[in-house]
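First the proteins, then the strands, lettered A, B, ... as listed; each starts at 1.
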Amino acid sequence: MIKTDVAPTLAGGPTLIPTDMPTTNRPMNMGQSMDDNTSRLDGVAKITGAAKYSSDMLLPNAVFARFVRCPFGAANLETVDDSAARKVPGVIDIEITPKACTYNGQPVGHVVAESPVAVNRALKALKLNWKKDSVKTSIRDTKQVGLLKGNAPDADVTIRAVYSTPVQTHSSLETHGGVVDHKGDKATVYASTQGTFSVRDGFGDALSLKGSDFEVVCEYVGGGFGSKLGGPGKELMLAAKLSQKLKRPAYVMCNRAEEHLDTGNRPSSVTSVWLSLKKDGSVVGGEVMTYGGVGVANGGGGCNVPSGRYTFANVNKSHEDVSFNAGGPRAFRAPGRPQGAFAEELMLDEAAAELGMDPLALKRKLAIDDVYREMLDQGAKLIGWGERKANGSQTSVMRTGFGVGIAGWGSASPGGNAEVVIHPDGSVESRTGTQDIGTGQRTTMGICTADAIGIPLSMVTVQIGRSSLPPGPGSGGSVTSPTTAPTMMNAATQARTKLFEVLARQGGDNAADFTVKDGVVLKRGEKFLSWKDACAKLPADGVMGSASTGDGGKGNSQGVQFVKVVVDCETGIIYPKHVIAIQSCGRVICRKTAESQIIGGVIQGLSYGMFENRILDRNVGAMVNPNLEWYKILGPCEMPHIEPVLWAHGQTGVKALGEPPTIPTAGALACAVFNAIGAPVRHLPLTPDKVLSALEGARS
Amino acid sequence: MNVLLPNSLAEACDFCAKQPDLIPLAGATDLLVHWPLRQAEHDKTYLDLSKLQELRTITWSANSLTLGALTTYWDVLQDPRAKSDFPLLIESARQVGAIQIQSRGTWAGNIANGSPAADGVPVLMAYDASVALTSKSGTRSVPLHEYYTGYRKSVRRSDELISAISIPLRRYDFAVFHKVGARRAQAITKIGLAMTRESAKPATWRVVANSVAATVKRCAAVENLLHAGAPIRKPEDFAAAIASDVTPIDDIRSTADYRRTVMARLLYHSLKGVSPAIS
């Protein structure tokens with residue numbers, strides 16, 4: 001058993017004592033988690049269908065609407081004949097504005113009807129006359145990206161290469177949209193969102209109601225990954241407009257094709273680099289030119305290389321966003337990072353090969369601090385790096401490769417509010433309006449409350465995902481738990497103190513005499529009352545603690561990932577076998593949900609590395625795979641054994657965990673493939689044909 | 001959409017005789033997947049065969065296995081004898097979609113749908129199956145390798161329905177099925193291969209490939225190479241025969257070059273050592 005190291009604490013919480021923990025895998029240096037194995041409080045509701053997502057809100061008397069969208073990358077809508085569509089039974093209204101469109105999926109109007117079937121029939125019956133225009137569909141349609149010239153005069157080795165990554169579209173299980181139920185003077189908005197309060201504040205005049213006259217509800221969200229930040233979005237704005245006009249609930253949810261086309265994506269990237277190194281592995285100069293493929297947007301295509309996680313001396317960086325005829329980007333789990341990490345990790349492995357160094361030794365040398373070095377050492381043992389063979393030295397059909405990448409993420413806490421109410425019957429309510437996008441927010445809020453007060457989790461009821469609750473942060477930038485956990489613990493501690501004050505007043509004691517342990521109230525260390533009996537002494541409305549801040553602690557998130565693959569050199573198919581994902585994230589609230597986050601990040605990273613790719617028709621700019629049949633995502637059969645390793649290392653407080661675990665995966669995967677076959681595959685996704693081409697190139 | 005629901009095979013054949021543009025429907029697994037995209041399909045008339053349970057049969061005789069037209073992949077997966085006598089049926093059935101698809105999708109539907117990527121057809125062809133086509137005027141039998149005439153075209157007349165698939169019971173000393181897809185499950189085939197060798201003297205090879213031509217294709221040139229015992233020392237030695245047998249294309253799933261290359265490698269590595277000529 002590995003001994004624990006530093007036990008980060010949350011200010012206001014109980015004293016935490018590091019312990020060895022029973023485990024099925026390998027927590028390293030991990031301080032005691034508040035909770036080890038609690039399954040999500042809403043898990044049963046979710047798998048039985050009792051949990052109602054916004055897309056489940058089929059309200060009585062609702063109308064349904066969908067956008068009319070441009071089918072081409074560039075086209076002018078010249079004439080509209082909606083006469084047949086208006087005759088479809090159930091159609092209420094059609095609004096279409098002829099205009100010039102610049103991407104596939106761009107809305108030009110909408111159809112509203114009594115049922116989804118009627119909407120679809122009307123869309124089919126529309127006669128739209130489009131005049132197609134020429135299109136550009138990629139960075140390379142605009143930019144000729146070649147190898148950069150230059151090298152450092154004192155270099156022993158200089159590598160030059162161009163790397164590229166595709167557009168990764170958002171594929172949340174629940175698509176974008178929601179339902180607005182406008183009753184004239186009041187309204188309820190059922191939103192699939194990552195920002196309950198940004199939706200509330202983003203309607204402007206669309207509802208013609210004060211913020212206090214409508215409530216945004218999103219108790220359950222079927223994933224977001226960044227794409228559901230930033231206000232109501234066009235879907236909810238349309239629903240608001242229709243509901244207000246018709247005084248009926250209006251349901252507007254994207255279908256899967258619309259989701260691929262017009263709800264944002266991780267932009268494509270091209271990275272051209274030269275990098276000069278000395279024989280000892282030190283980087284002495286270089287240049288990195290990155291391009292971000294942002295579709296019709298004007299920005300948002302950042303590609304994070306150099307990442308700052310390695311020491312690069314005298315490396316200049318420039319970046320340019322390139323626009324073309326496709327839907328634009330939105331935030332996507334660690335924006336800019338995985339594409340940058342892919343180029344950075346693979347370029348270092350290529351440099352190591354040129355130098356005749358072990359890439360692990362090179363990365364260990366260049367890593368900016370000892371935390372990474374310790375993680376690299378530990379991860380190397382766990383993956384079995386000692387079994388790694390030299391690049392290209394294997395001759396069998398099935399070749400094994402090892403790769404490694406590192407990740408980092410900053411610390412931020414935008415602020416939020418929380419309330420905890422202790423009721424006279426002993427029940428405890430914790431409230432924050434922040435939504436749960438699938439990460440386990442409801443569960444962690446309950447654990448924080450129970451842990452701060454000293455009662456079992458079963459006594460706590462958690463209310464989240466409503467704008468009538470205390471405002472909380474949007475779920476972006478991995479700030480939700482770092483913000484809400486200390487705030488909720490602070491509120492719970494305050495509520496507990498108020499309970500103690502009531503008990504002290506009634507018995508002539510001091511509030512400081514009381515504590516709670518395992519649901520029993522102690523006075524000066526001796527059993528005093530059961531929790532229920534103590535709470536019975538509260539006034540009818542109980543006591544409430546509220547907080548808008550908490551001690552967020554210090555330190556950032558860091559991680560390393562090791563990937564082991566087997567590559568079939570006859571078919572080019574890559575079989576990931578084992579991933580070690582070491583991740584520091586400060587104080588762990590619930591180990592099971594924390595590990596789940598890491599595993600999810602790795603899965604999404606492997607999927608990005610091996611499969612995901614928005615393919616646009618070069619002639620007309622239409623997406624040819626706007627579904628989950630042709631837009632492939634990693635399936636269960638491709639998933640390797642993924643070992644999350646939680647690592648506490650000097651941080652205090654709850655730290656980011658949502659985004660960092662997906663940063664290094666594709667890069668580490670590409671390094672592992674390079675190791676196995678002896679030739680780098682520089683363009684994601686790592687499809688079998690590219691693997692075979694790289695092998696052919698290596699042979700020739 | 002219009003759906004006709006016959007109560008018997010005879011009634012179904014009556015419908016077919018009256019309406020030549022009817023589309024027979026068994027598991028509907030292909031139709032439903034593409035339903036949202038193919039709006040033009042919505043106005044067609046479908047002949048739903050689901051009530052004809054007399055066609056959902058697995059019949060073993062002394063000389064053959066007969067699958068009724070509504071027999072699903074799952075039915076064969078559950079059959080106690082199929083694994084020993086026709087292991088390739090089991091291997092391919094397990095790789096068709098997921099369990100939901102396997103329990104609705106039918107072998108006959110896989111044939112009738114005519115996709116060049118059909119996973120059930122290569123193994124049936126490698127086992128020399130034949131198709132029973134029934135109309136008001138009777139039933140005729142067509143060898144499966146003669147069934148297709150072009151991309152999604154076949155010898156089936158519009159008044160005929162596939163009523164059964166018959167597979168002769170023979171002894172094989174070699175049988176293999178490969179499916180190469182983007183993923184190991186829930187993926188359409190990029191290149192597939194089914195091969196059998198009858199143990200009778202002289203041995204008869206059957207080599208069938210899918211996703212490399214307009215139809216699932218029996219590869220005569222490769223078979224000739226094997227029957228002739230031509231020496232094969234590397235995958236590229238199959239290149240000429242492959243070029244003669246198949247015509248793969250570049251599409252969303254793969255490239256023609258990848259398909260040809262991997263087909264040669266699958267052939268070589270499957271057959272290496274099986275025949276003295278291939279080493």
Parallel, tilted or perpendicular: rings of Phe86(B) and Tyr127(B) (30°, 60°): perpendicular
Short side-chain to backbone donor-acceptor contact, Arg256(A) and Pro626(A), under 3.5 Å: no
For chain A, the option from Ile252(B), Val262(B), Asp257(B) that forms the most heavy-atom pairs under 4.5 Å: Ile252(B)
Parallel, tilted or perpendicular: ring planes of His42(B) versus Trp35(B), cut at 30 and 60 degrees: parallel
Asn627(A), part contacting chain B, at a heavy-atom distance under 4.5 Å: side chain
Under 4.5 Å from a heavy atom of chain A, the part of Ala264(B) involved: neither
Under 4.5 Å from any heavy atom of chain A - which part of His34(B): side chain
Short N-O contact, Arg66(A) and Glu258(A), less than 4.0 angstrom: yes
